[in-house]
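As structure tokens, the structure follows; a few thoughts come after it.
Each ligand, and each atom within it, is numbered from 1 in the order the structure gives. Quick caveat: nothing in here was measured; it's all calculated off a predicted structure.
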Amino acid sequence: MERILVIGANGQIGSELVDALAEQHGAENVIAADIGPRSLAGARCYETIDVLDSKRLTTIVAAQGITQVYHLAALLSVTGEQDPLRAWTLNMNGLLNILEIARERKAAGKPLRVFWPSSIAVFGPHTPAVDTPQLTVMDPSTIYGISKLAGERLCEYYFSKYGVDVRSIRYPGIISYKSPPGGGTTDYAISIFHAACSGASYSCFLGPDSTLPMIYMPDALRATMELMAAPAEQIRVRSSYNVAGLSFSPRELAAAIQKQRPSFRIDYRPDHRQAIADSWPQSLDDAAARADWGWNPQVGLADLVEDMLLHVSKVTRLHSQAA
Ligand code: SER
């Protein structure tokens, strides 16, 4: 029986992962945790935790008999640029705290499996942008990307030096409707649906041809849980796996939305986020994830657009009824 702690449970991924894990492992075995009060997370148990407070983390992991940690708390690319020191401190020290606890637990014969998300932000302007390989040039230009690249090295270090069973995915931009996006460059691909469903036109902060790797939340959740469920000997990459969902540009996404909402209009006003997008890959080669633990994305652009429009419309209707 697994006992699971999800840190960052109120965030975009956490709020959906908690429900998915509760379904698989039983709600009583999933402890949701975040720095503030509980928001969306559906778990039966909730703890307020600052991931920088290693004493409290250690106490909770021991008291709850935790066997798996999903450590999702981080500042993303755009928010990180507003306060680089805070982003570095949260992103690095939070991860180090978890890895240290996992090292101590392993030494005490109580191993802890750790999931930590990396990102396409680990790549940079000199990385090959199309079908970006698993192993390649990495010269990130945001503090978020720099912290994720350093985090990847830490994960591999804790695995090879201490045998910590840490697993990671370089998430593409994640598209979802249940919770608001959290300060990322790929978030235009969520905001555009909210504009389309409220009948507004959308002013895109990236140019029309900024192709980026993306993934729909159900695929992202499945990737995360499949990676965590795979036998340890199959996990041959202990830094972080490239995982591809789909790739599209704002122009292509707008066209797919217009097929279903012909009156939808978009214009383009690239801002400071354009430089971040320009430094990231357009598509990823995820052959290692496919070979090692059987990754296979399922959701294509047309299905993603149909599902997002359906669900975001419902949310928009509820909000307008409540107003
Ligand atoms: N979605 C993230 C961002 O845009 C990338 O990992 O910051």
Side-chain angles (χ1 to χ4, degrees), residues 8 11-17 70-84 86-88 90-92 94-95 115-125 127 129 132 138-152 155 168-194 204-207 210-221 223-224 227 239-250 253 270-284 286 289 297 304 308:
Q12 186 196 8
I13 303 168
S15 54
E16 300 206 28
L17 186 63
Y70 292 76
H71 167 40
L72 308 172
L75 285 195
L76 294 190
S77 59
V78 177
T79 331
E81 291 311 293
Q82 288 157 11
D83 194 345
R86 184 166 159 251
W88 176 260
L90 174 67
N91 295 2
M92 290 323 310
L95 173 61
F115 178 83
W116 172 79
S118 185
S119 159
I120 54 168
V122 292
F123 300 115
T127 304
T132 299
M138 298 167 96
D139 55 345
S141 49
T142 60
I143 193 70
Y144 173 62
I146 294 168
S147 71
K148 288 293 181 187
L149 178 53
E152 286 193 10
C155 289
S168 175
I169 285 173
R170 291 173 181 149
Y171 285 132
I174 299 179
I175 300 174
S176 68
Y177 55 84
K178 286 197 182 155
S179 68
T185 304
T186 55
D187 291 351
Y188 89 83
I190 299 178
S191 308
I192 193 172
F193 286 100
H194 289 269
C204 186
F205 59 77
L206 298 183
S210 288
T211 300
L212 288 167
M214 302 280 186
I215 192 166
Y216 198 33
M217 183 63 94
D219 266 352
L221 294 176
T224 307
L227 172 63
S239 52
S240 190
Y241 278 99
N242 279 6
V243 160
L246 63 169
S247 282
F248 53 77
S249 65
L253 179 56
D271 66 13
H272 58 282
R273 291 167 277 196
Q274 184 66 53
I276 299 179
D278 288 345
S279 75
W280 288 353
Q282 296 177 20
S283 57
L284 305 172
D286 61 1
L304 179 152
M308 279 296 283

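Here Ser119 contributes atom OG and Ile174 contributes atom CD1; the two are 9.0 Å apart, rounded to the nearest 0.5 Å.
Residues Asn91 and Tyr144 have side chains in contact (heavy-atom distance under 4.5 Å, counting atoms from C-beta outward).
Remark: the Thr185 side chain and the Ser77 side chain contain an N/O donor-acceptor pair separated by less than 3.5 Å.
Considering only residues two or more places apart in sequence or on other chains, Ser176 meets the side-chain hydrogen bond (donor to acceptor under 3.5 Å, both in side chains) condition with Gln12.
Note: Phe205 and Tyr188 have perpendicular aromatic rings, judged against thresholds of 30 and 60 degrees for the angle between ring planes.
For the pair Ser168 (side chain) and Trp116 (backbone), a donor-acceptor distance under 3.5 Å is present.
Using a heavy-atom distance under 4.0 Å as the criterion, the protein contacts of ligand 1 are Leu76, Ser77, Ser119, Tyr144, Gly184, Thr185, Thr186, Trp280.
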